[in-house]
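The next block holds one structure in the form of structure tokens; read it before the comments.
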2 protein chains.
Amino acid sequence: MTRPVRPTAHPPRVATPETAGARRRKSVHTINDVAARAGVSIKTVSRVVNREPNVRDDTAQRVHRAIRDLKYRPNFSARNLASSRAYLVAVLYDNPSDSYIVRVLEGVQAACEAADYGVLLQPFDASSPRICDQVHDMLAQRRPSGLVLTPPLCDLEPLLATLDADGTQYVSIAPLHEDRGKPFVSVDDVRASCDLTEYLLGRGHRRIGFIKADPRHGAASRRLAGYLEAHRQHGLAVDERLIANGLLSFESGVECARRLLRQADRPTAIFASNDDMAAGVLHAAQELGLAVPADLSVAGYDDAPIARYVYPGLTTVRQPIRAMATGAVQCLLQSMRPQHGARGGDTVHRFDYEIIIRDSVASPR
Amino acid sequence: MTRPVRPTAHPPRVATPETAGARRRKSVHTINDVAARAGVSIKTVSRVVNREPNVRDDTAQRVHRAIRDLKYRPNFSARNLASSRAYLVAVLYDNPSDSYIVRVLEGVQAACEAADYGVLLQPFDASSPRICDQVHDMLAQRRPSGLVLTPPLCDLEPLLATLDADGTQYVSIAPLHEDRGKPFVSVDDVRASCDLTEYLLGRGHRRIGFIKADPRHGAASRRLAGYLEAHRQHGLAVDERLIANGLLSFESGVECARRLLRQADRPTAIFASNDDMAAGVLHAAQELGLAVPADLSVAGYDDAPIARYVYPGLTTVRQPIRAMATGAVQCLLQSMRPQHGARGGDTVHRFDYEIIIRDSVASPR
DNA sequence: GTAGAAAAAGACAACGCTGTCAACAAGCGT
DNA sequence: ACGCTTGTTGACAGCGTTGTCTTTTTCTAC
């Protein structure tokens with residue numbers, strides 16, 4: 001008999017299930033322990049854990065009991081390694097603001113927990129020329145199933161191109177060019193900004209200062225567009241000198257506000273592209289002895305916690321960031337296992353914004 | 001010949017290195033690709049990657065070249081699985097505040113990147129009765145090499161006991177009972193709080209309100225102790241009615257301040273146990289028409305971003321949170337590979353705090 | 001030049017899981 | 001009773017590393 005005979009006992013993997021079990025009470029168990037306890041093969045345990053079909057009810061019950069008894073949790077790394085799915089979602093960010101990223105993280109974590117996925121938070125420097133390589137390294141090392149991109153990273157064309165070329169799944173929390181065909185979640189920045197500007201116009205303001213966001217953020221131009229659009233709709237010209245270039249930081253808000261407010265014909269209201277800068281405007285107004293909202297109205301964007309904390313509370317645009325992040329992950333997971341919903345699902349998700357009226361806006365005297 | 005002969009070609013692992021290579025340019029490579037390109041075994045590549053000894057210089061060079069050419073990065077999951085070290089540090093938190101956790105994360109990430117470790121951010125509900133089980137599950141699933149515990153989780157005695165029993169390595173960012181013998185990083189809360197209180201006393205305040213932190217935080221009692229100590233040193237009695245119970249949130253600061261300021265003999269200064277609550281005090285003062293610092297002085301703790309953003313800027317205590325987090329991780333890594341520094345290294349790291357003087361404190365009229 | 005030791009390199013199992021495929025059991029039509 | 005399909009279970013390779021052990025090469029001392 002020259003045909004290759006299977007080795008009868010598979011010698012290397014002796015593994016001594018009882019020896020190992022007897023050695024010491026392990027605080028953490030593997031699929032083998034569960035299988036042994038339930039009297040089934042590890043594959044069956046795997047089936048139960050992954051809710052695969054074709055397991056008899058009573059078998060599944062036995063397995064579930066064993067899992068509960070042993071407090072078994074499948075090892076994440078082993079799953080990653082063995083399967084093409086990675087059970088891991090990576091959030092890429094370049095710290096727009098503490099509260100923004102924490103909200104995103106909350107939303108992502110909620111969605112991932114429900115789906116038994118892990119979350120990886122990865123900071124990147126959007127202005128680094130090496131960012132594509134850095135992201136590549138991260139992908140090679142961690143092999144996440146998908147990425148959640150936050151601004152300003154999702155506005156980096158070269159990065160998106162790299163990911164597309166790679167075939168890496170991603171969802172952006174911010175609009176993407178529709179023709180890219182990649183999913184994103186967002187609110188309609190232009191309309192929100194337009195609405196808030198209209199609100200200011202409606203209160204009688206005619207000279208409204210605008211503080212732009214960091215131009216690396218795609219939102220910068222969209223929010224400006226909304227501001228301009230509102231003026232256009234009212235048939236009002238916009239004084240160029242009322243538009244300042246901010247960087248999204250509190251400090252840049254202070255500076256821009258000083259510049260705007262020192263002008264001869266100063267604005268009666270200032271609309272900043274985010275709340276940090278709006279807080280800076282408030283700060284500058286106090287310095288200059290201007291009462292808000294009596295002498296100056298101020299509006300922000302984001303409804304960050306700071307919008308409530310400052311005095312007076314900021315009128316601002318609320319984006320449901322947490323919900324958007326959750327939606328982004330669901331979108332991602334759905335596109336990864338098209339089993340359920342048949343086709344890939346909607347690729348664009350618009351969320352509703354909300355104008356939050358607080359006490360920082362009044363009619364000009 | 002009946003003695004067991006090694007199979008000549010190890011049939012199952014055919015793997016066809018050239019076939020696979022020719023199939024398509026893979027965007028991501030494994031240790032096998034590197035080994036093939038450098039003309040060495042995978043074990044040698046592993047040695048080079050892990051800086052193990054006994055590799056000839058020219059061999060190492062060849063391997064390094066191959067790694068660079070292929071942009072090879074070792075797969076994280078495979079490493080976890082194969083080795084006892086997990087190359088992973090988990091940060092456990094129960095959101096004390098957005099800025100706090102982001103600062104910690106920055107510090108942890110900086111230290112981990114330097115050591116080629118990954119970071120896992122895990123939220124937990126400190127008041128959940130199931131928290132020990134939840135942490136256990138997380139440990140079983142992810143098997144991190146060590147944990148970084150932030151308040152209030154590090155003040156949870158049962159959790160610490162579980163970890164100790166498990167033999168899980170951890171470092172706390174906050175003082176631990178010294179006799180536990182576990183490492184921690186911290187500032188001297190009591191002294192810092194005492195110093196700031198002294199500063200207020202030095203400015204002439206005699207009725208200083210104090211807003212306590214959430215009692216689940218160990219820092220709550222320490223900061224109160226410092227406040228009391230300063231009074232003791234000045235031979236001053238403390239009016240119980242000047243002490244309010246806050247929850248660390250902005251809203252609780254507003255409420256406590258209202259209560260304190262509506263008293264007949266109201267305080268001339270309020271010291272809140274964190275900046276969020278101090279911002280709440282500012283808010284309440286504005287509501288009540290009290291000018292800060294003319295009518296009321298306010299001090300906070302943490303030097304969170306909000307301390308700069310409010311008007312007037314908050315006088316507060318700065319903890320070097322980022323540096324502490326970095327220190328915590330270094331401490332953890334050191335205790336895990338005692339190779340270098342011989343013994344386990346210092347188990348306690350005190351960091352210096354700093355009193356940041358801004359504009360929210362003045363002498364009472 | 002050669003034995004012996006040390007250094008360098010390699011072979012291969014193992015980590016804990018999933019995917020593939022084979023084996024077996026049960027149900028069904030004829 | 002027979003073969004068929006369908007449902008259920010298990011055996012085992014393989015994922016990309018590291019750890020252990022073996023083999024080969026190089027160096028050292030005579």
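All values reported here derive from a predicted model rather than from experimental measurement. Chain letters run A, B, ... following the sequence lines, proteins first and then strands; every chain starts at 1.
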Checking [X] side chain against [Y] main chain: does a donor-acceptor pair fall under 3.5 Å?
X      : Y      : result
B/T326 : B/G107 : yes
A/Q109 : B/L121 : yes
B/S172 : B/T150 : no
A/S335 : A/L332 : yes

Whole-Å distance between [N] [atom2] and [X] [atom1]?
X      : N      : atom1 : atom2 : value
A/I31  : C/dG19 : CD1   : P     : 11 Å
B/L81  : C/dA13 : CG    : P     : 16 Å
B/D33  : D/dT17 : CG    : C1'   : 13 Å
A/Q141 : D/dT17 : CD    : P     : 10 Å
B/N80  : C/dG16 : CG    : C1'   : 12 Å
B/I67  : D/dT17 : CD1   : C1'   : 13 Å
A/N75  : C/dC17 : CG    : C1'   : 8 Å

Q. Hey, does the side chain of A/Y87 come within less than 4.0 Å of C/dG16's phosphate (OP1/OP2), counting only N and O?
A. no

Q. If you look at every strand shown and take non-hydrogen atoms under 4.0 Å, does A/F76 touch a base, only sugar-phosphate, or nothing?
A. nothing

Q. Does B/R130 have any side chain to side chain contact (heavy atoms under 4.5 Å, CB included) partners at least two apart in sequence or in another chain, and if so, which?
A. B/S128, B/D133, B/Q134

(Q) Per the ring-ring contact (aromatic ring centres under 6.0 Å, His included) rule, what does the pair list look like for residues 65-89 of chain A, sequence neighbours excluded? (A) A/Y87-A/Y117

Q. Counting side-chain heavy atoms from CB outward, which of C/dT18, D/dG10, D/dT18 is closest to A/S83?
A. C/dT18

**Q.** Nucleic acid contacts - residues 41-66 of chain A versus DNA chain D, non-hydrogen atoms under 4.0 Å
**A.** A/S41, A/K43, A/T44, A/R47, A/N54, A/V55, A/R56, A/T59

